[in-house]
Amino acid sequence: MAIQVDNLEKGQVGAMIEWLASIGATENGGVTRLLYSPSWLEAQQALKNIMDQAKLHTYFDSVGNLFGRLPGTDLNGKTILTGSHVDTVIDGGKYDGAYGILASFIAVMRLFQAYGYPKKTIEVVSLSEEEGSRFPLTFWGSRNICGTYTLDWVTEVNDTAGIPFLEAMKEVGFDPEKYSSPFRDDVERFVEIHIEQGMVLEKNQKQVGIVTHIVGQRRYTIRIKGESNHAGTTPMSYRKDALTTASYFISYLTEKAKAANPQLVATVGRLQVKPNVPNVVAGEVEFSLDIRHHQEEVIDLYCNEILTEFKRYTESLSMEIAISQWMDVKPVKMDAEMCEWAREIAERKNYRYQDMISGAGHDSQVFGMKCPTSLLFVPSQKGISHSPKEFTSLEDLETGIDLLTEVLYKLAY
């Protein structure tokens, strides 16, 4: 599909999303573009080509983040960075990440066509990785730019097929031997627009969400060790049933989450039982626990309460418990001034908007710890995301681009 970049009129974003989704397309209408895969490389090269056609100054950094630069007239000024991530989950949707890149590109081109060069340099970024779908790490692109990741983080990392991270990097042309830190100290502000991936905007009949906070996340693996025994001959009072204990914990943590705070969420999504046969008391159970809220103190209080109860209860039954925390992502507040600017623009344009807290992670939370950052949402139909059924209407996509264009004008012109 040929993409015309010289006249990005209303509706062009729909064609561009379909075009980008054709790279890594799956049989049932989804998209798979995993970090450093052939489809990932093809997508980044395709995006570079349209940026080149638009006469942006394009370049890759040493981990594969792609930049399209529109230089500002103030040569000593800092950079306004806007974009999102090019990678997807396996059999994901067309809009997640991709919309943010294409919306940023369209917004910058419309600004250039209307007003010429900005005062401050604007760069559109197609971030190399956010999802963690191939390797067990997330935000590889943004965390390199922000200086919190280096190659030291991935020297021992492999994908599920056993391919080393550094080998995958080299295969697509980003040789670790030539790595130089992608850290940027010239980024003044970061702006990201993204599909909501939830149903709040649609339910409330809003066109735009202005994100004030991105939640923190903690993830644990909980392992309970009891005693396997015969289901028929072991009296209830003598049992050390790991599954019954896990069931109590799951009910307990769920009720405590409901009572603790309306916006706290706690999820058990994976459960493994051993020996997992019908006529044996379960001797061991392992389950995952995902906890999210936008205030660190709320997460702290909740975690302390439930984990203390877990330990007390297992001790009372002479059972063992092992609690392993493997994720601790801090909550991040978006820049209040940029939120207010977005509200003022939305009101002036008569867009229906609301403030929101993002329950999903985004690159904005990485940038938000380094520089003033804004995250904007457009609705997701039925709240579906990470799925081939992911969809946002053309009207909502265009509303988001229009708001983003106005925000970038305020920041850079």
Side-chain angles (χ1 to χ4, degrees), residues 1-9 11-25 31 33 35-73 75 77 79-88 94 97-129 141-142 144-145 169 171-175 178 180 182 184 186-187 190-193 363 397 401 404-405 408-409 412-413:
M1 184 188 297
I3 296 296
Q4 300 297 320
V5 298
D6 56 344
N7 189 21
L8 294 172
E9 296 179 346
Q12 183 75 8
V13 65
M16 295 183 78
I17 281 174
E18 294 299 326
W19 162 76
L20 190 54
S22 70
I23 304 172
V31 186
R33 283 195 301 266
L35 177 64
Y36 301 145
S37 67
S39 58
W40 174 93
L41 181 61
E42 184 182 349
Q44 287 291 67
Q45 292 290 358
L47 287 165
K48 183 178 185 300
N49 288 342
I50 66 166
M51 290 181 184
D52 286 336
Q53 291 174 40
K55 303 296 192 292
L56 296 178
H57 301 174
T58 62
Y59 63 98
F60 286 101
D61 66 19
S62 61
V63 298
N65 292 313
L66 169 66
F67 300 87
R69 183 179 179 90
L70 183 65
T73 55
L75 299 179
T79 297
I80 306 300
L81 190 64
T82 182
S84 195
H85 60 95
V86 74
D87 69 313
T88 72
K94 299 175 182 179
Y99 169 62
I101 301 166
L102 296 171
S104 294
F105 172 72
I106 292 170
V108 169
M109 295 320 301
R110 287 177 181 170
L111 285 170
F112 180 66
Q113 289 159 10
Y115 304 107
Y117 289 100
K119 292 177 183 176
K120 293 181 180 177
T121 294
I122 309 175
E123 290 191 41
V124 178
V125 62
S126 176
L127 294 160
S128 61
E129 193 276 338
S142 52
N144 268 275
I145 294 171
M169 235 178 126
E171 283 180 1
V172 292
F174 298 95
D175 189 343
K178 298 178 181 177
S180 61
R184 299 277 299 266
D186 65 321
V187 176
F190 178 70
V191 188
E192 181 176 18
I193 193 162
D363 288 297
L397 296 175
I401 293 172
L404 177 63
T405 304
L408 291 173
Y409 177 84
Y413 279 84

Beyond-backbone contact of Glu171 with Tyr36, side-chain heavy atoms, under 4.5 angstrom
no
Residues Ile50, Phe105; criterion side-chain contact (heavy atoms from CB on, under 4.5 Å); working and verdict:
CA-CA 9 Å; Ile50 66 166; Phe105 172 72; 3.9 Å; yes
Would you check, one step at a time, whether the test side-chain contact (heavy atoms from CB on, under 4.5 Å) holds for Lys48 with Phe67?
CA-CA 8 Å; Lys48 183 178 185 300; Phe67 300 87; over 6 Å; no
Side chains of Asn65 and Gln44: closer than 4.5 Å at any heavy-atom pair?
no
Using a 4.5 Å cut-off on heavy atoms from C-beta on, say whether the side chain of Met51 contacts that of Val124.
yes
Nearest heavy-atom contact between Ser84 and Glu192 is OG-OE2, 2.8 Å
Could you check if a side-chain atom of Ile80 sits within less than 4.5 angstrom of a side-chain atom of Thr121, using non-hydrogen atoms only?
no
In this structure, CG of Leu66 is separated from CG of Asp61 (nearest 0.5 Å) by 9.0 Å
For Ile122 and Thr79, what are the C-alpha separation, side-chain angles and deciding distance, and is it a side-chain contact (heavy atoms from CB on, under 4.5 Å)?
CA-CA 6 Å; Ile122 309 175; Thr79 297; over 6 Å; no
Sorted by chain and number, sequence neighbours left out, side chain to side chain donor-acceptor pair (under 3.5 Å) with Tyr117 holds for none
How many angstroms lie between CG in Asp186 and NZ in Lys120, if you round to the nearest 0.5 Å?
12.5 Å
Do Ile145 and Leu127 have side chains that approach each other closer than 4.5 Å (heavy atoms only, starting at C-beta)?
yes
Under a 4.5 Å cut-off applied to non-hydrogen side-chain atoms, are Arg69 and Leu56 in contact?
no
Tyr99 (side chain) donor-acceptor with Leu397 (main chain) under 3.5 angstrom
yes
For the pair Thr88 (side chain) and Val31 (backbone), establish whether a donor and an acceptor sit closer than 3.5 Å, ignoring hydrogens and angles.
yes
Reference residue Ser104; test side-chain contact (heavy atoms from CB on, under 4.5 Å); the match among Val125, Leu408, Leu404:
Leu404
Is there a side-chain contact between Trp40 and Ser128 in this structure, where contact means two heavy atoms from C-beta onward sitting under 4.5 Å apart?
yes
Under 4.0 Å between a Lys/Arg side-chain N and an Asp/Glu carboxylate O for Glu129 and Arg33?
no
Worked check of side-chain contact (heavy atoms from CB on, under 4.5 Å) between Met16 and Ile106:
CA-CA 10 Å; Met16 295 183 78; Ile106 292 170; 3.8 Å; yes
Among all residues two or more places apart in sequence or in another chain, which pass the salt bridge (Lys or Arg N to Asp or Glu O under 4.0 Å) test with Asp175?
none
Check side chain to side chain donor-acceptor pair (under 3.5 Å) between Arg110 and all other residues, then give those that pass, not counting sequence neighbours.
Glu398
Side-chain heavy-atom pair Val191, Leu81 within 4.5 angstrom cut-off
no
Any chance you could measure Ser126, atom OG, to Asp87, atom CG, to the nearest 0.5 Å?
9.0 Å
Between Thr58 (side chain only) and Asp52 (backbone N and O only), is there a donor and an acceptor less than 3.5 Å apart?
no
If you round to the nearest 0.5 Å, how far is CZ of Arg184 from CG of Asn144?
12.5 Å
Ile101 CD1 to Ile17 CD1 distance, which is reported to the nearest 0.5 Å
10.5 Å
Correct closest heavy-atom pair for Tyr59 and Glu123 would be OH-OE1, 2.8 Å
